[in-house]
Amino acid sequence: MARTSTGIKKTMLNSVFVGRVPLAIAVIAASVLPIWLLDFRPSDASRIEGPIERFAAIEHAAPVEQAVPTAPPEVTGPIPVNRQINRQINRKIRISRGDTLMGLMIDAGVERIEAHTAIEALRMHFDPRRLRPEHEIIVSFEKEKEAAGAETFTGFTVRPDRAVEYAVRRTGDGNFSAGKSVKEVERTLVRAEGVIRSSLYLSAVEAGVPAGVLQELVRIYSWDVDFQRSIQPDDRFDVMYERFFTKSGTHVRDGEIIYANLVLQGDENPLYRHTLADKSVDYFDDKGKSARKALMRTPVNGARLSSGYGVRRHPILGFNKMHRGVDFAAPAGTPIYAAGDGTIVHRGRNGAYGNYIRIRHNSEYSTAYAHLSRFNRRARSGQRVKQGQIIGYVGSTGRSTGPHLHYEILRRGRQTNPMRVKMPSGRNLKGAELERFRTERARIEDAFAGLTITRKAVSAD
Ligand SMILES: [Zn+2]
């Protein structure tokens, strides 16, 4: 198996700012969140990377489940006369959405009967329908040196990630056998921090925070922080998240955020990940109060507050008009979340609102979402929705000058200012739960403090 272990950590330290940032931005811009939030200026974000404390060293250490037959060793030394040398050929297969493993194998040059037998062997360990475009498949053949063109299919390997491998190999009698091998994965913690110059989003990208972690970071703070309005120059953030490596140092994947702290105008807003006795997981502040609020103030990720609540000159009508909601500018198609648990009481066209959804949360609060490009299939009228569930997508339907979400919080049927309304808060830990949380908090703080800081300044231009 190819090992790409050397230099992983070094690469992170050296090239996160130089080489990876434009790439990271491109990748994220293409896939996750809008980039066009205000002006782009590099911040002096810093990247901090271990020697990482082994917090809970090994996630799973399943040894080889079944011996995987290996390819014949390479022959070295003088070539015996009159003996043909077989050459191993490995073809890496690209998987696209809608491909079947059978189709891919046939395209790679495997005969249908053999492909079928080999896939049946795999099926004992791995369901081929679980294949995803990001998985890796390598199909192997053996070629006799002298015989032109004659290739024998010897097996194939499926790698769902860099730690797990399913190998199917031809056995002597023309059958195939399959095995699974799992590399030991070590959980480490990574710390990143940055000064927020233009937006939390951009600063975190610059600090090398991976897209998935960043999305989660925005989400866990979205209950109470309006990112565009609350963030001032020199506000900063810290984040500590999980990263999994194989023993040889290959990065397998990133995990959960364990700790984060947004420092806004000098106020610390730490959040700690904590698993409760009932096994549910949530983020709590330093006093054991859940970050989760009854309603989200910003039910769309990465958006820019483009128009606040109150009297304004209407951009289309041209006269002063009371704006009874807030507008978040975001690219068309950006997902919109249910701001809280509730029931959809209206979904459809609604005059100047365009495509519109209203959710009733309780006897007191409802929320409304307007100008959607389309609705999520699962968000139908009368349906129960969970906080954070995607109900629709940003658009510009109805009376609207460009893609944005018009968001209203209604209290007893009347619009109120979403940025001002006092949110009923989430749960407060008490008694034994609070004691358990305090122990966990101390453990997290120790782990965070134990990570060595290596600051790396980013030039301003
Ligand atoms: Zn509006």
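Numbering of ligands and ligand atoms starts at 1, following listing order. Index from 1, following the sequence. Remember, predicted model here, so these are calculated numbers, not experimental data. Note: hydrogens, waters and symmetry copies are ignored here, and every other heavy atom, side chains too, is used.
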**Student:** Tell me, please, which residues at least two apart from F126 pass ring pair (Phe, Tyr, Trp, His ring centres under 6.0 Å).
**Tutor:**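 Partners of F126 under the ring pair (Phe, Tyr, Trp, His ring centres under 6.0 Å) test: Y166.
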
**Student:** For R94, give me all partners under side chain to side chain contact (heavy atoms under 4.5 Å, CB included), at least two apart in sequence or on another chain.
**Tutor:**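 So R94 forms no side chain to side chain contact (heavy atoms under 4.5 Å, CB included) with any residue.
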
**Student:** Could you identify the N, O or S atom of D327 positioned closest to the Zn ion (ligand 1)?
**Tutor:**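 Distance check against the Zn ion (ligand 1) picks out OD1 in D327.
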
**Student:** Please identify which of these residues, T334, L372, N355, N376, meets the side chain to side chain contact (heavy atoms under 4.5 Å, CB included) condition with Y393.
**Tutor:**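 Of the listed residues T334, L372, N355, N376, the side chain to side chain contact (heavy atoms under 4.5 Å, CB included) partner of Y393 is N376.
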
**Student:** Does H371 bring an N, O or S atom to within less than 2.8 Å of the Zn ion (ligand 1)?
**Tutor:**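 So H371 does not bind the Zn ion (ligand 1) by this criterion.
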
**Student:** So which of the N, O or S atoms of H406 lies nearest the Zn ion (ligand 1)?
**Tutor:**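 The Zn ion (ligand 1) is closest to the H406 atom ND1, counting only N, O or S.
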
**Student:** Suppose we only allow N, O or S atoms; which atom of H323 ends up nearest to the Zn ion (ligand 1)?
**Tutor:**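 Among the N, O or S atoms of H323, the one closest to the Zn ion (ligand 1) is NE2.
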
**Student:** Any carboxylate oxygen within less than 4.0 angstrom of a Lys/Arg side-chain nitrogen, looking at D127 and R129?
**Tutor:**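 Salt bridge: yes.
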
